[in-house]
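We count ligands from 1, going down the list as the structure has it; atoms in each ligand are counted the same way. When reading the values below, keep in mind they use all heavy atoms of this one structure, side chains included, and skip hydrogens, waters and symmetry mates.
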Amino acid sequence: MQYISTRGNKEEKRSTQAIIMGLASDKGLYVPTEIPKLHMDFGHMVGTAYKDIAFKVMRGFLPEFDEDELRRCTDGAYDEKFDTPKIAPLVNTEQASFLELYHGRTAAFKDMALSILPYLLLSSIRKEQEDKKVVILTATSGDTGKAALEGFADVSGTEIFVFYPAHGVSEIQKRQMVTQRGANTHVYAIEGNFDDAQTGVKRIFNDGDFAVKLAGEDYRLSSANSINIGRLIPQVAYYFYAYIQLLDAGKIASGDKINVVVPTGNFGNILAAFYAKQMGLPIHKLICASNENRVLTDFINDGVYDANRQFHLTSSPSMDILISSNLERLLWHLSGENSAEIAGYMRDLERTGIYTVSDTIRSNMSDFYGGTARMDEAHEAIRRLWHGEQYLIDTHTAVAYSVYLDYRAKTGDDTPAVIASTASAYKFADQVADCIGLPKAADGFASIEALHEATGVPVPPGLKGLRDKKILHSDTIKIDEMANVIASAL
Ligand SMILES: *Cc1c(COP(=O)(O)O)cnc(C)c1O
């Protein structure tokens, strides 16, 4: 099993090469030529540690890694950095089960993959005998940035650059990033939104002159965004883990189907669920939840991807995205691996902001359901779940929960559902506190305290003391300065 580009460059790469490169040279994304099947006896897996499930799931995707090597990666990643030995506990409520993916260092689900990506990358570098220093470029809608910084800070042989939208992240998210320590960390606010940051990063990747110049200086570019296949593979594991926990809780019998609901932005998390299904996990529907930036809902319903629309800043900033990168991978799989077709869609998207997919893709998309929840609906979901069941969710997870309740009311489908709970409520403490009726606090940090006092829910260790940490990164730059700041920092 190898990796090839979604856009037609037929050259097959080893998993280690794909992880080092991040993005293919024709601007496509690396996809596995074959999705490995995993024959898992779920009943026997009950009680198995997260890292052992992760090992089993990831193995098929990483044929170049030998057993000991991959074990070192999973053991190193999924340890006491997480604030619960379960790593990703499943919490059952009346209507659905929440898979809490936010128990890592930065209190968002990006830690699930970014705790292990540095290990995968360093192993890949060793195996490929790469002698250049790896420069990791990261565009972030808020959570990837901090998780990547934590993962790569002071990792030898790497430099990490993070670009976040100056006005598009929460106060807590911003503070987490600008207080990052580590001699190899570089953090910039950009004047623009996430799509601008991501486009800027992709442009630098595809700027041949810049790459040659860096190579001359002994650097090579890579990415910590979910365009890197090394980000996606680890995410497949937690869907298996959720299934096993549902079994353990007596909510399903082995082999029963489940629904999966994902609050979606760049389409990485839900794509991982799609891969889990292809591997053999019994999933019925993949429910893709969007906020007011409902480009994916419309796409799933109509087959037309139209990014020419108003961009909304919402209370779920990590989903404020109009160019959803990983959809390209799904389309490649659903088109029958037709890379010429995919290259055509992506050209249309770049030139006109819009593309319409074939009937083949549309009919292969029937496992997906797309739904939208507006801010008021998501906030109502937070309020109800707290007041009804004393369970606290964040603004992103609330979009998913709200879409799910709507889906269930409309379809009557009561297949047990797992909702990907993507962040701690404390990362968006202002809004969550407001949702459950607390008075407005002086700032985000005071909101954390008030929310804790009112709910008793523990504050994630990584957010404690954040207010008093020293600010180490304070530059704001324009989009077209991104390449320059990288060059001069190096
Ligand atoms: C990144 C993020 C999302 C969106 O995930 P994608 O994989 O980009 O679709 C949703 N919620 C939170 C809290 C996030 O950080």
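- Between the side chains of Asn228 and Arg231, no donor-acceptor pair of N or O atoms lies under 3.5 Å.
- Shortest contact from atom 4 (C) of ligand 1 to any protein heavy atom: Gly265 N, 3.5 Å.
- Of the N or O atoms in Asp394, none lie within a sub-3.5 Å distance of an N or O in ligand 1.
- Residues Asn259 and Asp413 have side chains that bring a donor and an acceptor to within less than 3.5 angstrom of each other.
- Of all atoms in ligand 1, listed by their number and element, those nearer than 4.0 Å to a heavy atom of Phe267 are 6 (P), 8 (O), 9 (O).
- Remark: the backbone N or O of Gly444 is paired with a side-chain donor or acceptor of Glu171 at under 3.5 angstrom.
- Closest to atom 7 (O) of ligand 1, if we only count protein heavy atoms, is Asn269 N, 2.9 Å.
- Between the side chains of Ser97 and Asn92, at least one donor N or O lies within less than 3.5 Å of an accepting N or O.
- The only member of Phe161, Tyr164, Phe152 that meets ring-ring contact (aromatic ring centres under 6.0 Å, His included) when paired with His186 is Phe161.
- Close contacts of ligand 1 with Gly268, meaning ligand atoms under 4.0 Å from a residue heavy atom, involve 6 (P), 7 (O), 9 (O).
- Protein heavy atom nearest atom 10 (C) of ligand 1, with residue, atom name and distance: Pro263 O, 3.5 Å.
- Here Ile87 contributes atom CD1 and Ile53 contributes atom CD1; the two are 12.0 Å apart, rounded to the nearest 0.5 Å.
- Of the possible polar contacts, one joining the Asn293 side chain to the His312 backbone as a donor-acceptor pair under 3.5 Å is found.
- With a 4.0 Å cut-off on non-hydrogen atoms, Phe109 touches ligand 1 through its side chain and not its backbone.
- Using a 4.0 Å cut-off between heavy atoms, Lys110 contacts ligand 1 through its side chain alone, with no backbone atom that close.
- Taking a cut-off of under 4.0 Å to the non-hydrogen atoms of Ala423, the atoms of ligand 1 that pass are 13 (C).
- Some N or O of Thr422 is nearer than 3.5 Å to an N or O of ligand 1, by distance alone.
- Residue, atom and distance of the protein heavy atom nearest to atom 15 (O) of ligand 1 are Asp143 OD2, 2.5 Å.
- Close approach of ligand 1 to Thr264 is summarised as follows: ligand atoms under 4.0 Å from at least one heavy atom of the residue are 9 (O).
- We find that Lys277 and Asp367 are joined by a salt bridge, their nearest charged nitrogen and carboxylate oxygen being less than 4.0 Å apart.
- When only non-hydrogen protein atoms are considered, atom 6 (P) of ligand 1 lies nearest to Asn266 N, 3.6 Å.
- Residues Asp111 and Lys81 are not paired through a salt bridge, judged by the lack of any N-O separation under 4.0 Å between the basic side chain and the carboxylate.
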